[in-house]
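In what follows, a structure is listed as structure tokens, so that the remarks can point back to it.
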Amino acid sequence: MPELPDVEAYRRHLVATALHRRIDGVEHVSTEMLTGLSATTLRRKLVGTSLESSRRHGKYLFARTDGGPWLVLHFGMTGRLDCDGRAGGDRDHTRLVLALHGGCSLAFEDQRKLGGIWLTDDVDRFIAARNLGPDALTVEKAGFLDALHGRRGAVKATLMNQSIVAGIGNIYADEILFHARVHPRRPVQQLDEGARVQLHRQVRHVLGTAADRNADPGRMPRSWLLPRRTEGEPCPRCGGRVERIRASGRSAYLCPRCQRR
DNA sequence: AGTACCACCTGACGGC
DNA sequence: TGCCGTCAGGTGGTAC
């Protein structure tokens, strides 16, 4: 599931459940998920500390220990963060568990192991090293226009390019383009200033709304494309038929009547 | 700079 | 029930 709204929901969940609790143990460490980091080091840096604050940039979640370093999580396609299920819902796919003093255990699960776990001393350097663009939820109009400036590619590929703007994935790219009434294959070049401003508005609106609803697909507005992501379903706006095409190597759903090429 | 394709890994689902 | 192809919300590399 994890695009920006999901990661933001995980961050809020972490803040509500796991901050300021001593980490008594680090369990179920999946070493395949660690890059440039051993399970021993991870344990040594985490046990006895507590998580004191959090950040998110695009699809990356950061949690700062009072010992200094930040724990970094990326959720790939199947990652989840859960602090309720004390026994952990999903032992098979659990990749990291922080046993918290007097509270729940914070469990990171990732069936397909496409996510990752890191430690970093400097979040901004971590972000820069990965070449991430501005965060899509918080980027201001000027920053967004800047990011699009001079781009010649298809608009959907551009929105999903994490080094241009960070946090938009396949599902929400479709949702944003549906609201902005732009066809996914439309070259960015062809969007005038007004269309770009509208696109920025929809980026913030769609991601913000989804995050506030915990990225729960069942809670998305009926006026959205998301509940209608199936070929032939009625467009919630015009009643036309939802179409599925291939765009930038992924499935794209759109309403061909609302989103002209 | 942009695109298309492959790989990573582990499934779920439909057709036969 | 088993086998096979296809698809899945991410990212990184390669080749053109």
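A note on names: the letters A, B, ... follow the listed sequences, proteins ahead of strands, and every chain is numbered from 1. This one's a predicted model, so the numbers in the text were calculated from it and none came from an experiment.
- Taking atom CG of residue A/Leu4 and atom C1' of nucleotide C/dT11, one finds them 16 Å apart after rounding to whole Å.
- Taking atom OH of residue A/Tyr10 and atom P of nucleotide C/dG10, one finds them 12 Å apart after rounding to whole Å.
- Here A/Arg196 does not pair with A/Glu193 in a salt bridge; the nearest charged N to carboxylate O distance is not below 4.0 Å.
- Distance from the side chain of A/Tyr253 is smallest to C/dA8 among C/dG12, C/dG10, C/dA8.
- The CD-C1' distance, from A/Glu109 to C/dG10, rounds to 18 Å in whole Å.
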The contact string for nucleotides 6-11 of chain B, one letter per nucleotide 5' to 3', using protein heavy atoms under 4.0 Å with B, S and - for base, sugar-phosphate only and none, comes out as --BBBS
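- Note on A/Asp110 versus A/Arg80: no salt bridge recorded, every NZ/NE/NH1/NH2 to OD/OE distance being 4.0 Å or above.
- For DNA chain C, the neighbouring residues in residues 151-171 of chain A, judged by any heavy atom under 4.0 Å, are A/Gln162, A/Gly169, A/Asn170, A/Ile171.
- Residue pairs meeting the salt bridge (charged side-chain N to carboxylate O under 4.0 Å, His left out) criterion with at least one member in residues 66-75 of chain A, sequence neighbours excluded, do not occur.
- Ion pair A/Arg64/A/Glu52 not flagged as a salt bridge, since none of the NZ, NE, NH1 or NH2 atoms sits closer than 4.0 Å to an Asp/Glu carboxylate oxygen.
- Secondary-structure annotation of DNA chain C gives the stems B:2-8 with C:10-16, B:10-16 with C:2-8, with a stem taken as at least 3 successive Watson-Crick or G-U pairs whose two distances both fall under 3.5 Å.
- Ion pairing between a basic and an acidic side chain is recognised when a charged N comes within 4.0 Å of a carboxylate O; A/Asp174 and A/Arg244 show no such pairing.
- In this entry the distance linking CG of A/Leu226 with P of C/dG9 reads 11 Å, nearest Å.
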Report all side-chain donor-acceptor pairs from residues 41-49 of chain A shorter than 3.5 Å, counting only partners two or more places apart or in another chain.
residue: A/Thr41; atom: OG1; partner: A/Ser38; partner atom: OG; Å: 2.8
residue: A/Arg43; atom: NE; partner: A/Val26; partner atom: O; Å: 3.1
residue: A/Thr49; atom: OG1; partner: A/Leu46; partner atom: O; Å: 2.7

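- Applying a 4.0 Å cut-off to non-hydrogen atoms, the residues of residues 242-252 of chain A that approach DNA chain C are A/Arg244, A/Arg246, A/Arg250, A/Ser251, listed by residue number.
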